[in-house]
Asks: 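Handing you a structure now.
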Amino acid sequence: MSLVAAQTLTVRTWVARPNNSLSVSARNWVFAVTVAVSSSIALVFSYFGAWPVVPFTGLELALLWYALRHVEAVARDFEKITLESGRLIIESRRGQLVERHEFHPYWARLHCFKPAGQYNHRLLIGSHGKQVEVGRLLTEEQKMALATELKNNLDAVWPDHPR
C-alpha cells in the first residue's frame, strides 16, 4: 500500500491508496491475450475429441473476468486525512461507498490499539462519541508511522491541550 504525506504552510495531508500494478488498459490486454490463448488451446483439444475442455475454459475465463472486475472496482479506493488549523477531515472510498467525516482538531483523539487475537493494530480518530477508523489500506508499519505523525501534528495544532 502507498502512503503519501504532503504539507503546505497551513495544511497537512495524508493519502493512502492500494497498490495497482496494472492499469485499465493493461488489465484489458491481459484478459484479451488469455482469452485468445485459452480459446485456441480449447479449440485444438475439442478438434481432437476432448470437447469437455471447452466448458472449463469458459469457466476459467469467467472467473478471470470477475477477478479483474473486482480489481478494477477497488483500484480507486483511498483514504485521505487533511489537518488544517480549524478542522480535521477524513475522506474515504471503499468500492462505491464514499464517506467524509469532519472533526475539530482540539477535540479529536487518536486511539491506537490491538484487538485481542488479531495481528494488526486499529487506528480510530474520534470526538464527541463519533469514531472513524483510518489506515485500513496500510501495512502495520505504515499504520504505526501514521499514528505517530497524526499524534505529533494534532499536538502541534493545539500544544496546550492534554491528549
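Numbers for residues simply follow the sequence, beginning at 1.
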Asks: As an exercise, state the distance from CG of L63 to CG of L68, rounded to the nearest 0.5 Å.
Replies: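 Answer rounded to 0.5 Å: 11.0 Å.
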Asks: CD/E149 to CD/Q142 distance, rounded to the nearest 0.5 angstrom?
Replies: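 Here the interatomic distance stands at 11.0 Å.
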Asks: Nearest 0.5 angstrom please: H111 NE2 to E133 CD, how far?
Replies: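 Going from NE2 on H111 over to CD on E133, the span is 13.0 Å.
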Asks: Give me the atom names and distance for the closest heavy-atom approach of G95 to D77.
Replies: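 Heavy-atom minimum between the residues: N-OD1, 2.8 Å.
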Asks: Using side-chain contact (heavy atoms from CB on, under 4.5 Å) as the criterion, point out the one residue from N153, L146, L123, V15 that pairs with I81.
Replies: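 The side-chain contact (heavy atoms from CB on, under 4.5 Å) with I81 is passed solely by L146 among N153, L146, L123, V15.
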Asks: With rounding to the nearest 0.5 angstrom, report the CZ to CH2 distance, R109 to W107.
Replies: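 One gets 7.5 Å once the value is rounded to the nearest 0.5 Å.
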Asks: Checking W29 now: which residues fulfil side chain to side chain contact (heavy atoms under 4.5 Å, CB included) with it, not counting sequence neighbours?
Replies: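 For W29 the side chain to side chain contact (heavy atoms under 4.5 Å, CB included) partners, ignoring immediate neighbours, are V33.
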Asks: What pair of heavy atoms forms the shortest contact from E84 to P105, and how long is it?
Replies: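 Smallest interatomic distance, heavy atoms only, reads O-CG, 3.8 Å.
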Asks: Looking at CD of E102 and CD1 of I89, how far apart are the two atoms once the value is rounded to the nearest 0.5 Å?
Replies: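 The distance works out to 5.0 Å.
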Asks: Ignoring hydrogens, what is the shortest heavy-atom contact between R122 and P115? Give both atom names and the distance.
Replies: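 Looking at all heavy atoms of both residues, the shortest contact is CD-CG, 3.7 Å.
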Asks: Please report the closest heavy-atom contact between P18 and L137, naming both atoms and the distance.
Replies: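 Looking at all heavy atoms of both residues, the shortest contact is CD-CD1, 4.0 Å.
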Asks: Locate the shortest heavy-atom distance separating H101 from F103; write the atom from each residue and the value.
Replies: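 Shortest heavy-atom contact: CB-CE1, 4.2 Å.
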Asks: Say you draw a straight line from CG of L83 to CG of L150; how long is it, rounded to the nearest 0.5 Å?
Replies: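 It is 7.5 Å, given to the nearest 0.5 Å.
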